[in-house]
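Computation of the quantities below employed the complete heavy-atom set of this structure, encompassing side-chain atoms and omitting hydrogens, waters and symmetry-equivalent molecules. Note that this is a predicted model, so its numbers are computed, not measured. Numbering of residues begins at 1 and proceeds along the displayed sequence.
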Amino acid sequence: MNFEDGQRPPRPTIRALRALPDEPSSDAKRKRLDTARKLIAAKKFDEVELYDLEHSLLDDARDRFRSGAPDQHRAASKAAGRPVYEVRSRTGAAWRGAVVRDDQGDPWLVYVDRHDQFHNRVADALHDLDNLLPRSAEYKLRAREEAAIRHREWRRQIVESVLTGLAEVLRTNTPQLVDLPADPRTGDPGQLELALEHDSPRGTDSLARTLETTDSLATLTIRSIGRDSKSFHTVVQEVVPLLQPDREQIDAAYTRSGDLELWFPVAQAKLAQVLAATLAPAGPTGPEGQVGPLTQSHYVDKPTLTSGVVQGHAVRAVCGFWFVPICEDDNLPICPRCEQQLPVVRKVYELIQAGGSQGH
Ligand SMILES: [Zn+2]
């Protein structure tokens with residue numbers, strides 16, 4: 001999302017948010033709208049998310065402004081003294097909304113009404129534009145949400161760069177330096193080194209057993225280069241639990257040069273999941289399906305996996321199963337349906353064998 005002046009997607013003012021009709025079609029959407037309203041009423045502004053709020057009227061406003069062709073409402077524009085754009089809900093009673101750009105050029109949904117009333121009342125309402133435009137509290141709310149989105153995007157990039165680096169370590173069988181994107185708040189960059197030490201290769205039955213077992217075949221070392229940065233803490237918070245959910249398995253020490261080093265065993269199913277993420281084509285998006293209990297390790301594409309890790313929400317696996325990527329139990333075999341759609345187990349096995357035989 002672009003948060004430069006004049007480039008933002010439309011946002012509802014608090015007044016418009018209160019007036020939005022409930023979505024008749026979706027319980028999940030209704031719940032989110034309800035949550036946003038309650039958070040504002042309770043002044044819990046840090047948690048309010050309006051950019052992602054799904055509502056047919058807001059969706060239409062975003063679509064029209066993204067495509068650059070919003071419809072101007074003539075009478076309302078005349079009354080407001082600046083262009084007023086009409087947006088339409090296509091569900092239920094087909095509500096209508098009025099969007100205006102503020103002095104910085106950013107569009108705001110400032111007025112909503114039922115379809116049959118909208119055209120009679122919108123010009124009158126927009127005549128009092130000053131009363132409808134966002135106030136400083138709304139700009140503060142927006143600034144907080146944008147900072148939170150930037151922060152989340154930064155965390156997502158960190159997870160992605162570490163997973164990419166780990167797949168590279170696996171492929172090349174050499175330690176990799178990973179540059180971590182700078183913290184948007186402090187501008188603080190970070191760098192770490194990833195190294196995998198393979199355990200000695202197993203017998204020929206290993207591949208056959210792979211889908212049923214979760215043997216640890218490798219120890220991963222993550223070393224923070226230089227003073228430990230916020231970026232590195234994010235790695236520890238977000239990536240390490242994905243790769244090794246059991247804290248007891250994680251060792252940490254400072255090296256003589258003052259670098260922080262963590263090392264822990266990584267299950268073969270995790271290595272397969274990481275490698276699969278770099279190979280999987282972008283998965284379909286869409287409404288969240290039924291999230292089932294996690295009894296197998298599934299494959300997803302990298303953007304999906306990283307956003308699931310950072311936001312803790314459910315993602316759609318290659319096999320169609322919905323799951324939350326970070327779970328307490330790491331003792332899971334690989335999902336055969338995922339493996340069938342995206343075979344990586346043999347690849348991981350061969351890479352590990354090559355690594356093991358070259359190594360110690
Ligand atoms: Zn699966």
Side-chain angles (χ1 to χ4, degrees), residues 1-3 9 28 32 35-36 39 44 46-54 143-168 178-192 194 220 222 224 228-247 250 262 264 266 270-271 273-280 282-289 291 294 297-318 321-330:
M1 230 180 282
N2 195 337
F3 299 136
R32 263 173 240 159
T35 304
L39 288 171
K44 290 186 178 166
D46 280 333
E47 297 163 48
V48 181
E49 292 179 352
L50 298 186
Y51 277 129
D52 287 339
L53 193 64
E54 286 179 70
R144 287 192 200 194
E145 184 175 351
E146 289 177 1
I149 290 172
R150 284 193 201 99
H151 187 68
R152 196 165 63 210
E153 177 56 21
W154 168 69
R155 283 157 56 215
R156 210 189 55 69
Q157 285 171 3
I158 286 183
V159 175
E160 186 159 337
S161 41
V162 175
L163 295 186
T164 305
L166 180 54
E168 208 46 33
V178 175
D179 288 318
L180 301 172
D183 181 342
R185 289 172 192 174
T186 61
D188 211 8
Q191 196 183 41
L192 55 77
L194 293 175
L220 178 66
I222 304 180
S224 166
D228 44 329
S229 61
K230 281 212 165 151
S231 307
F232 191 73
H233 285 274
T234 301
V235 172
V236 175
Q237 280 164 13
E238 316 259 7
V239 189
V240 172
L242 173 72
L243 299 173
Q244 179 49 266
D246 182 3
R247 282 166 164 267
I250 299 165
L262 303 177
F264 50 86
V266 182
K270 280 294 171 193
L271 294 176
Q273 194 181 44
V274 168
L275 197 65
T278 65
L279 301 171
T285 53
E288 198 169 293
V291 179
L294 200 51
S297 173
H298 300 271
Y299 298 160
V300 272
D301 66 274
K302 198 160 47 179
T304 306
L305 179 62
T306 55
S307 72
V309 167
V310 167
Q311 290 178 259
H313 60 46
V315 297
R316 187 186 187 278
V318 168
F321 185 81
W322 284 84
F323 72 104
V324 180
I326 290 199
C327 74
E328 296 307 311
D329 183 10
D330 192 36

Q: I would like to know whether Q191 and V178 meet side chain to side chain contact (heavy atoms under 4.5 Å, CB included); could you show each step before the answer?
A: CA-CA 6 Å; Q191 196 183 41; V178 175; over 6 Å; no
Q: side-chain contact (heavy atoms from CB on, under 4.5 Å) with I222: which of V236, L166, V240, I250?
A: V240
Q: Between OG of S231 and CD1 of I158, what distance do you get to the nearest 0.5 Å?
A: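 One finds 4.0 Å between OG of S231 and CD1 of I158.
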Q: For the atom pair CD (Q273) and CG (L163), what is the distance rounded to the nearest 0.5 Å?
A: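 Spacing of CD (Q273) from CG (L163) equals 9.0 Å.
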Q: Donor-acceptor pair, distance only, cut-off 3.5 Å: does the side chain of E145 make one with the backbone of Y51?
A: yes
Q: Begin from the C-alpha positions of V315 and L305 and carry the test side chain to side chain contact (heavy atoms under 4.5 Å, CB included) through to its verdict.
A: CA-CA 7 Å; V315 297; L305 179 62; 5.7 Å; no
Q: Could you tell me if T186 and K230 have a donor-acceptor pair between their side chains, going purely by distance under 3.5 Å?
A: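 Short answer, no.
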Q: Indicate yes or no: does K270 engage D246 in a salt bridge with an N to O separation below 4.0 Å.
A: no
Q: Would you find a donor on one side and an acceptor on the other, under 3.5 Å apart, between the side chain of W154 and the backbone of A182?
A: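 Yes, because the side chain of W154 sits within donor-acceptor range (under 3.5 Å) of the backbone of A182.
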Q: Run the side chain to side chain contact (heavy atoms under 4.5 Å, CB included) check on Q244 and V266 step by step: do they pass?
A: CA-CA 6 Å; Q244 179 49 266; V266 182; 5.8 Å; no
Q: Are the side chains of V300 and V318 in contact, using a 4.5 Å heavy-atom criterion?
A: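 Side chain of V318 against side chain of V300, heavy atoms only: no contact under 4.5 Å found.
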Q: Could you tell me the separation between the NE2 atom of H233 and the CG atom of L180, rounded to the nearest 0.5 Å?
A: 12.0 Å
Q: Which residue pairs pass the salt bridge (charged side-chain N to carboxylate O under 4.0 Å, His left out) test with at least one member in residues 159-168, sequence neighbours excluded?
A: R156-E160, E168-R171
